Amino acid sequence: MPRYFFHHRIGDRMMWDPVGLDLPDLKLAPDPDRAAAVWMNIIEGRIEPNQILVVTDAVGQVLFVTAR
């Protein structure tokens, strides 16, 4: 099962995800409704101007970055 890490930056502060989550499917997230809402906000560009989300895999390859 793939492990994903969700690193988040607000302003000049980076919050690294040291644990990550094993997520074969978004429906298996701990709170699938909240996860879906967060992803929709990201996809539709409804994040704060000073926020960045970086999703990486287990080897550190960047899979997704969003910023405004």
Side-chain angles (χ1 to χ4, degrees):
M1 184 174 341
R3 180 170 288 266
Y4 299 99
F5 297 84
F6 299 85
H7 312 294
H8 189 213
R9 189 181 92 182
I10 300 175
D12 61 352
R13 182 174 175 204
M14 189 69 172
M15 293 168 276
W16 299 99
D17 176 5
V19 178
L21 286 173
D22 293 328
L23 291 175
D25 189 330
L26 182 61
K27 295 175 190 166
L28 297 177
D31 183 349
D33 293 333
R34 176 71 181 131
V38 168
W39 279 108
M40 288 308 297
N41 285 343
I42 291 167
I43 291 167
E44 294 174 1
R46 292 183 301 201
I47 57 172
E48 295 297 320
N50 63 344
Q51 291 183 350
I52 296 174
L53 174 69
V54 179
V55 180
T56 62
D57 64 10
V59 296
Q61 180 177 353
V62 175
L63 304 174
F64 183 83
V65 176
T66 186
R68 287 182 49 135

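Heavy-atom basis, side chains included; hydrogens, waters and symmetry copies ignored. These numbers were taken from a predicted model, which means no experiment stands behind them.
Put simply, Leu53 and Leu21 are part of the same group of oily side chains (I, L, V, M, F, W, Y) that touch within less than 4.5 Å, one to the next.
Val19 belongs to no multi-residue hydrophobic cluster, having no ILVMFWY side-chain contact under 4.5 Å with any other such residue.
A donor-acceptor pair under 3.5 Å is formed between the side chain of Asp17 and the backbone N or O of Phe6.
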If you look only at distance, which donor and acceptor atoms sit under 3.5 Å apart when one is on a side chain in residues 55-63 and the other is two or more places apart or in another chain?
unit_1 : atom_1 : unit_2 : atom_2 : d
Thr56  : OG1    : His7   : NE2    : 3.2
Asp57  : OD1    : Val59  : N      : 3.1
Asp57  : OD1    : Gly60  : N      : 3.1
Asp57  : OD1    : Gln61  : N      : 2.8

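For the salt bridge (Lys or Arg N to Asp or Glu O under 4.0 Å) test, no residue two or more places apart in sequence or in another chain qualifies with Arg9.
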